[in-house]
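Both backbone and side-chain heavy atoms feed into the values below; hydrogens, waters and symmetry mates do not.
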Amino acid sequence: MHHTLMLALLLLTLAAASASAAPKKPNIVLILTDDQDSGTLHRRFLPHTFSALIDHGLSLPNFFTPVSLCCPARVSLLRAQHAHNHNVTFVSAPWGGWDVFNARGYVGHTLPDFLQRAGYATFYTGKYMNAHTEENCESMPVSGFTSSDILVDPYTYDYWNPGFSRDNGPVTVHRGEYSTDLVRDKALGYLEDGLAGNEPFFLGIAPIGPHSWIPHDSPHSPTGVVMHVPAAHPRHANLFGTEQLPRSASWNPAKPHGVSWVRTLPRLTATQEAYLDEFHRGRLRALAAVDEMVGAVVQRLERAGALDNTYIFYTCAFRDGGAETADNGYAMGTHRRQPGKTLAFEEDMRVPFVVRGPGVRKGTGDASYGIVDLARTIMDIAGAQADYVDDGARMDIHGHHEARDAKDASDDNASDARHARHARHALAEYWVLGVEEGIYGGPWRTNNTYRTLRISDTVHSRKTSLSYAVWCTGERELYDLEADPLQTANLLAGLNARGPFADFALLGAESAALLARLDALLLVLKTCVGDTCRRPWSALLPRAQTLQDALAAQYDAYFAALPRVRYAGCALGYRAEMEQPEWDGAWAYVPPLVVQP
Ligand SMILES: *[C@@H]1O[C@H](CO)[C@@H](O)[C@H](O)[C@H]1NC(C)=O
Ligand SMILES: *[C@@H]1O[C@H](CO)[C@@H](O)[C@H](O)[C@H]1NC(C)=O
Ligand SMILES: *[C@@H]1O[C@H](CO)[C@@H](O)[C@H](O)[C@H]1NC(C)=O
């Protein structure tokens with residue numbers, strides 16, 4: 001044999017050997033529920049999710065959605081971007097939905113596309129995006145999937161008439177079959193494909209539960225649709241028969257809460273309260289099918305011996321309205337609300353987050369992260385990259401970052417910029433219409449544009465959690481979540497009474513100084529891109545990383561002089577001209593010159 005040929009053969013053999021010896025990248029399973037609130041994370045409601053995931057992994061109570069509506073939040077997940085950067089702000093055109101997503105050129109530039117380019121086989125079943133319909137599913141295909149089997153309108157939220165488009169083909173409607181069970185079976189089928197393949201795989205599973213039920217023959221315009229109590233499978237129909245929403249301090253209060261249209265809500269009647277309890281039970285029953293599905297997926301991975309090399313994420317793109325904070329039940333009926341989301345309260349922003357996987361620490365963490373960060377984290381696990389500047393921070397799911405934080409917070413900046421985030425803030429934004437669901441839900445609400453900043457930090461050794469919002473109406477909200485976790489007392493109600501965007505100076509020096517910091521952080525975040533979203537304090541004060549750093553009295557005059565976050569009025573959609581001024585890097589703090597004597 002020719003020497004060069006022998007050498008080539010030898011090299012080939014070596015290459016093959018080293019390829020097979022290289023550790024396979026981890027598999028990634030993403031379970032994405034629809035409209036679930038973290039209040040439902042109870043062993044009593046989700047026994048399989050607890051025994052298969054939560055008991056073996058990390059739960060983050062401070063996990064937030066960047067927009068409290070499903071279509072925009074899903075785009076944030078698919079693009080690791082805040083809504084002000086992707087500008088898909090509603091469920092339908094001209095502000096959002098599948099056609100707007102296409103028109104913006106995002107097809108081919110999504111999380112699954114990037115995973116595919118990093119060598120992954122990618123599968124997806126369940127709900128993908130709003131306004132993805134039986135009319136456009138063939139002409140506007142989804143991108144990035146080895147195979148997909150996706151629920152499309154008008155069958156997406158019809159629990160007993162689900163319609164799927166497989167691999168961008170025409171719709172198959174399954175009359176009389178239960179949506180979540182079909183999603184389970186399709187997911188288990190894809191799991192076989194993934195496990196049998198040579199590549200690492202990504203599997204996205206997006207059941208509709210516990211979203212409200214929208215019959216497929218409902219009116220086509222989204223604003224004309226009534227969203228009903230979720231439909232249960234008969235095997236779950238008798239579960240939770242006596243379950244009631246908690247009558248907490250924010251439940252149907254005697255005095256109205258909040259701002260804008262929320263302040264005008266009438267008190268709920270006894271009939272409405274009973275309806276909300278029924279709605280709650282319907283949601284729990286819909287979740288029971290999701291819970292079984294989670295158990296089945298994890299069990300299959302375990303039987304295949306794949307758990308050691310598979311990350312399983314469980315989250316929800318946004319949550320339904322009304323709730324206790326943290327871990328005790330949830331409630332529609334808080335602040336006199338009908339079922340729904342789309343507001344600036346904790347119950348709208350906070351969503352469940354659980355991850356189990358290789359090296360993932362067990363227990364709960366107190367870092368603040370969100371959907372945008374989850375997308376970045378999945379890409380990092382896969383060694384994938386977006387082909388634009390994304391806004392996500394790498395989540396510390398293994399515990400490295402937290403250990404370092406405890407040692408020396410200032411260390412953060414020294415290492416990888418992706419890690420460099422104290423993970424203490426979250427931004428949520430909203431435009432277009434506020435939505436109320438159920439048979440008593442009001443008209444879709446205008447004047448529902450706002451930005452919310454959620455911050456958890458240690459200030460002067462005290463745990464501090466604040467929620468700050470600025471509304472298009474000129475109203476502001478500030479809640480001290482340590483003292484008032486249910487957000488019953490807006491600390492800025494008095495300021496709002498003085499008129500739209502009233503001057504902080506009216507509050508007295510100390511409160512004005514704090515508020516000026518929060519407002520400045522929101523000013524930076526509301527147009528942030530990339531690193532500025534991860535490290536917003538650094539944009540203001542080169543040396544600051546935390547609220548406490550920024551509170552130093554030497555910065556009082558600087559913050560007092562910065563422009564405030566404001567809206568020119570309440571428009572529909574994200575219109576930059578309504579939201580001036582925007583943060584300008586030239587406004588960053590410049591230390592005073594020290595003149596040598
Ligand atoms: C966002 O999209 C809307 C159309 O839906 C458009 O009117 C608006 O100008 C866009 N905003 C920005 C800031 O690009
Ligand atoms: C919306 O807010 C404006 C103030 O910005 C107010 O004048 C108007 O009456 C509000 N509209 C509704 C429908 O509440
Ligand atoms: C943090 O890192 C940024 C970017 O590398 C750098 O510009 C800045 O000076 C650093 N800040 C500190 C306090 O080290």
Side-chain angles (χ1 to χ4, degrees), residues 14-32 57-58 75-81 106-124 142-148 190-191 193-205 301 304-315 353-361 367 369-402 404 415-421 423 529-531 533-534:
L14 288 175
S18 73
S20 65
K24 197 171 145 183
K25 285 182 178 180
N27 308 311
I28 299 163
V29 175
L30 171 65
I31 299 166
L32 185 66
L58 173 70
V75 178
S76 286
L77 176 63
L78 285 168
R79 303 259 309 160
Q81 273 185 322
Y106 297 158
V107 176
H109 309 273
T110 64
L111 176 64
D113 293 295
F114 307 137
L115 296 177
Q116 218 170 29
R117 280 168 219 162
Y120 274 67
T122 53
F123 305 97
Y124 192 95
V142 301
S143 66
F145 297 115
T146 308
S147 182
S148 61
Y190 279 143
L191 208 45
D193 294 351
L195 289 166
N198 290 322
E199 300 124 344
F201 67 86
F202 167 83
L203 169 59
I205 312 172
L301 286 165
L307 279 180
D308 285 352
N309 199 33
T310 304
Y311 287 89
I312 308 165
F313 293 93
Y314 178 103
T315 188
F353 177 87
V354 183
V355 56
R356 164 181 194 173
V360 170
R361 70 198 156 102
Y369 291 113
I371 297 284
V372 175
D373 306 318
L374 171 58
R376 176 71 250 168
T377 303
I378 290 175
M379 285 193 254
D380 280 337
I381 287 172
Q385 270 297 326
D387 54 7
Y388 49 86
V389 177
D390 71 83
D391 306 326
R394 177 183 299 159
M395 296 173 65
D396 179 35
I397 58 177
H398 297 105
H400 311 315
H401 186 190
E402 206 144 273
R404 202 183 61 231
S415 65
D416 181 354
R418 289 260 173 235
H419 263 309
R421 176 177 190 242
V529 179
D531 267 344
C533 303
R534 296 181 272 269

Rounded distance (nearest 0.5 Å) linking atom [atom1] of [X] with atom [atom2] of [Y]:
X      : Y      : atom1 : atom2 : value
Asp373 : Asp390 : CG    : CG    : 9.5 Å
Phe353 : Leu58  : CZ    : CG    : 6.5 Å
Phe313 : Ile205 : CZ    : CD1   : 13.5 Å
Asp193 : Leu203 : CG    : CG    : 9.5 Å
Tyr106 : Arg79  : OH    : CZ    : 5.0 Å

Hey, is the main chain of [Y] close enough, under 3.5 Å, to the side chain of [X] for a donor-acceptor pair?
X      : Y      : answer
Lys24  : Asn309 : no
Tyr369 : Gly392 : no
Asp113 : Thr110 : yes
Tyr190 : Gly204 : no

Heavy-atom pair with the smallest gap, counting every atom of [X] and [Y]:
X      : Y      : answer
Arg376 : Arg394 : CG-N, 4.0 Å
Gln385 : Met379 : C-SD, 4.1 Å
Pro200 : Pro26  : CB-O, 4.0 Å
Ser143 : Gly108 : OG-N, 2.8 Å
Ser76  : Gln81  : OG-O, 2.8 Å
Thr122 : Gly144 : OG1-O, 2.6 Å

* Asked: Should the ring pair Tyr124 and Phe145 be called parallel, tilted or perpendicular, given that the plane angle runs from 0 to 90° and is split at 30 and 60?
  -> tilted

* Asked: Arg361 and Asp396: side-chain contact (heavy atoms from CB on, under 4.5 Å), yes or no, with the steps?
  -> CA-CA 9 Å; Arg361 70 198 156 102; Asp396 179 35; 4.2 Å; yes

* To do: Please name all residues satisfying ring pair (Phe, Tyr, Trp, His ring centres under 6.0 Å) with Tyr314, sequence neighbours left out, ordered by chain then number.
  =>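 Checked Tyr314 against ring pair (Phe, Tyr, Trp, His ring centres under 6.0 Å); zero matches.
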
* For Phe201, ring pair (Phe, Tyr, Trp, His ring centres under 6.0 Å) partners two or more places apart -> none

* For Ala382, all residues meeting side chain to side chain contact (heavy atoms under 4.5 Å, CB included), sequence neighbours excluded -> Ile28, Leu115, Tyr120, Ala384

* **Partner of Leu374 under side chain to side chain contact (heavy atoms under 4.5 Å, CB included), chosen from Leu111, Val355, Leu77** =>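 In the set Leu111, Val355, Leu77, the residue that makes a side chain to side chain contact (heavy atoms under 4.5 Å, CB included) with Leu374 is Leu77.
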
* With respect to Arg356, which candidate in Leu307, Thr310, Leu301, Ile397 satisfies the side chain to side chain contact (heavy atoms under 4.5 Å, CB included) definition? -> Leu307

* To do: Check whether more than 12 heavy atoms from other residues, nucleotides or ligands sit under 6.0 Å from atom CG of Asp387, and answer yes or no.
  => yes

* Going by heavy atoms in the side chains, are Val354 and Thr315 under 4.5 Å from each other? -> no

* Charged N-O contact under 4.0 Å between Asp531 and Arg534 -> yes

